[in-house]
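Working notes for the structure below.
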There are 2 protein chains.
Amino acid sequence: MPRPRSLTQGQIAAAALAVIDRDGLAALSMRTVAGELGMSTMALYRYVGDRDELEGLVVELVLDGVDASPPPGATWQERITVLAGRVRERVGAHPGVVPLTMTHRHRSAGILRWSETVLGVLAEAGVEGPERVVALRGLLSYLIGAIQLEHLGPLSGEGTAAIAGLPRAEFPRMAETAGHALLIGAEEEFHGGLAIVLRGIAART
Amino acid sequence: MPRPRSLTQGQIAAAALAVIDRDGLAALSMRTVAGELGMSTMALYRYVGDRDELEGLVVELVLDGVDASPPPGATWQERITVLAGRVRERVGAHPGVVPLTMTHRHRSAGILRWSETVLGVLAEAGVEGPERVVALRGLLSYLIGAIQLEHLGPLSGEGTAAIAGLPRAEFPRMAETAGHALLIGAEEEFHGGLAIVLRGIAART
DNA sequence: AATCGTAAGCGTATGTCGTACGCCTACGAG
DNA sequence: CTCGTAGGCGTACGACATACGCTTACGATT
């Protein structure tokens with residue numbers, strides 16, 4: 001009977017994501033998103049309860065875009081690598097939302113499906129019971145940390161600069177390591193770390 | 001010649017940390033910290049350039065409290081476990097600062113010393129060159145992710161509730177896994193995941 | 001075709017935030 | 001005793017989230 005809604009939550013989320021992608025996370029506000037949609041600020045509150053919920057929708061939009069279907073791959077390690085890569089790729093396409101993903105991760109049905117698929121692959125690999133819980137959480141921990149390190153770590157090269165300027169006498173290993181670090185790309189680093197975790201799961205006692 | 005400073009940056013950071021520990025991260029503002037110190041709001045700006053710098057000081061205070069001395073332990077795995085545990089313990093004592101640690105991590109000299117020590121232990125273990133960089137970053141990724149998962153994951157049990165209410169038919173593995181998850185404490189989960197990473201480093205090709 | 005209840009959409013207002021700017025004043029060197 | 005410097009503070013401004021109440025478009029009913 002009443003007036004129909006003119007926008008879906010998906011359109012709201014898309015507008016917010018557009019603001020973040022264009023002007024950065026700091027530019028996200030109820031005003032900017034409303035402006036992006038051509039509505040007044042308060043009209044937005046007919047669609048979302050508060051700013052927090054808006055952020056949740058953005059994360060949902062990004063994370064639900066992750067393909068959770070069982071991936072190709074000869075071994076279970078390859079399959080999990082594909083699955084992890086999908087998350088990294090999708091989130092990496094919108095670096096601004098990285099800080100939001102942690103707090104709103106649980107709202108995404110897509111990421112739950114993704115977890116379900118990962119658990120299936122782990123089961124294939126013979127990982128069972130509590131061991132499988134620990135493996136999944138370990139994998140998730142690495143994935144979260146690695147993505148954050150990749151996108152929030154340098155922060156305009158501040159970190160790299162700090163390490164480069166370290167007193168070599170007091171930090172001999174760091175200085176040496178910084179040299180090696182230059183030879184390694186982000187991609188290689190991510191997959192190298194992931195390979196460590198996968199070897200660790202495979203080599204369970 | 002001029003009037004001497006009446007406060008150190010350490011005292012400022014301690015006041016801010018007290019606010020966070022008592023009233024949560026959301027309560028942190030220039031006004032509340034100034035109030036905690038018994039000064040006016042603007043007096044604070046004689047000590048810190050802006051809010052961002054204040055946050056950096058808090059992270060520094062927390063992270064510099066991590067003992068970076070070479071730890072006891074028969075094997076290198078045990079030594080790294082002790083080192084990682086120190087960070088988890090220290091940060092876990094101030095859960096409110098967890099969201100700040102990622103963005104301001106690099107400002108802490110203490111965490112650099114900690115990294116130096118970790119690199120030393122990895123060297124002992126025979127991990128060299130670029131392989132050592134990947135191992136350190138992998139370890140860091142896991143540590144960051146695990147700590148965040150531990151402190152931002154449940155968020156008033158919202159995540160657990162969401163998983164518990166999942167349609168069993170569509171998410172058979174998740175349902176099964178949730179059951180196992182109840183048997184595992186946070187401590188056990190953290191060390192289990194860390195053990196995976198350490199096994200993965202040990203089993204390097 | 002006329003009516004009317006409902007919810008969409010908006011304008012205004014409040015309180016909080018970070019912080020720019022300028023004044024006053026305590027201090028220690030001369 | 002004096003005076004330049006820098007510490008400390010009050011006021012003010014613009015941006016923010018959001019509570020509240022008004023107006024208006026719509027579609028189901030008459």
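In what follows, chains are A, B, ... by sequence order, proteins preceding strands, each numbered from 1.
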A:D50 atom CG is separated from D:dA19 atom C1', nearest whole Å, by 13 Å

Nearest non-hydrogen partners of A:M30 and A:D50, listed with the distance = CE-C, 4.4 Å

Look only at the side chain of A:R51 and the backbone of A:L28, and say whether a donor-acceptor pair between them is shorter than 3.5 Å.
-> yes

Establish, for the pair A:R5 and A:Y47, whether the NZ or CZ atom is under 6.0 angstrom from the six-membered ring centre and no further than 45 degrees off its axis.
-> yes

Rounded to whole Å, CG of A:L37 lies from P of C:dC10 at a distance of 11 Å

Considering only side-chain heavy atoms of B:R3, which listed nucleotide, C:dC10, D:dC9, D:dG7, is closest?
-> D:dG7

Determine yes or no for a side-chain-to-main-chain donor-acceptor pair under 3.5 angstrom, with A:T32 supplying the side chain and A:A27 the backbone.
-> yes

Base, sugar-phosphate, or nothing: which does A:T41 touch, judged by heavy atoms less than 4.0 Å apart?
-> base

Give a yes/no answer on whether the side chain of A:S6 brings an N or O atom under 4.0 Å of OP1 or OP2 in C:dG9.
-> yes

So do the side chains of A:E53 and A:Y45 get within less than 4.5 Å of each other, counting heavy atoms only?
-> no

Can you check the A:I12 CD1 to C:dA8 C1' distance for me, whole Å?
-> 12 Å

Just how far, in rounded Å, is P of D:dG8 from CG of B:L7?
-> 7 Å

Candidates C:dC10, D:dC9, D:dG7 - which lies nearest the side chain of A:M42 | C:dC10

Closest to the B:R51 side chain, choosing from C:dC27, D:dC9, C:dT19 = C:dT19

A:E53 CD to D:dT18 P: how many Å, rounded?
-> 11 Å

Pick base, sugar-phosphate or nothing for A:R31, based on heavy-atom distances below 4.0 Å to the nucleic acid.
-> base

Shortest side-chain distance from B:S40, nucleotide among D:dT18, D:dG10, C:dT19 = D:dG10

Looking at D:dG8, does its base get a donor-acceptor pair with the side chain of B:R46 below 3.5 Å?
-> yes

Can you tell me how far C1' of C:dG18 sits from CG of B:L54, to the nearest Å?
-> 12 Å

Nearest listed nucleotide, side chain of A:Y47, among D:dG8, C:dG9, D:dC9 | C:dG9

Could you work out which one of D:dG8, C:dC21, D:dA17 sits closest to the side chain of A:M30?
-> D:dA17

When you match B:A26 and A:M39 each to their closest nucleotide on DNA chain C, which lands nearer the 5' end?
-> A:M39

Separation of atom CG in A:L44 from atom C1' in C:dC10, rounded to whole Å = 12 Å

Does A:L28 or B:R5 map to a spot on DNA chain D nearer the 5' end, using the closest nucleotide for each?
-> B:R5

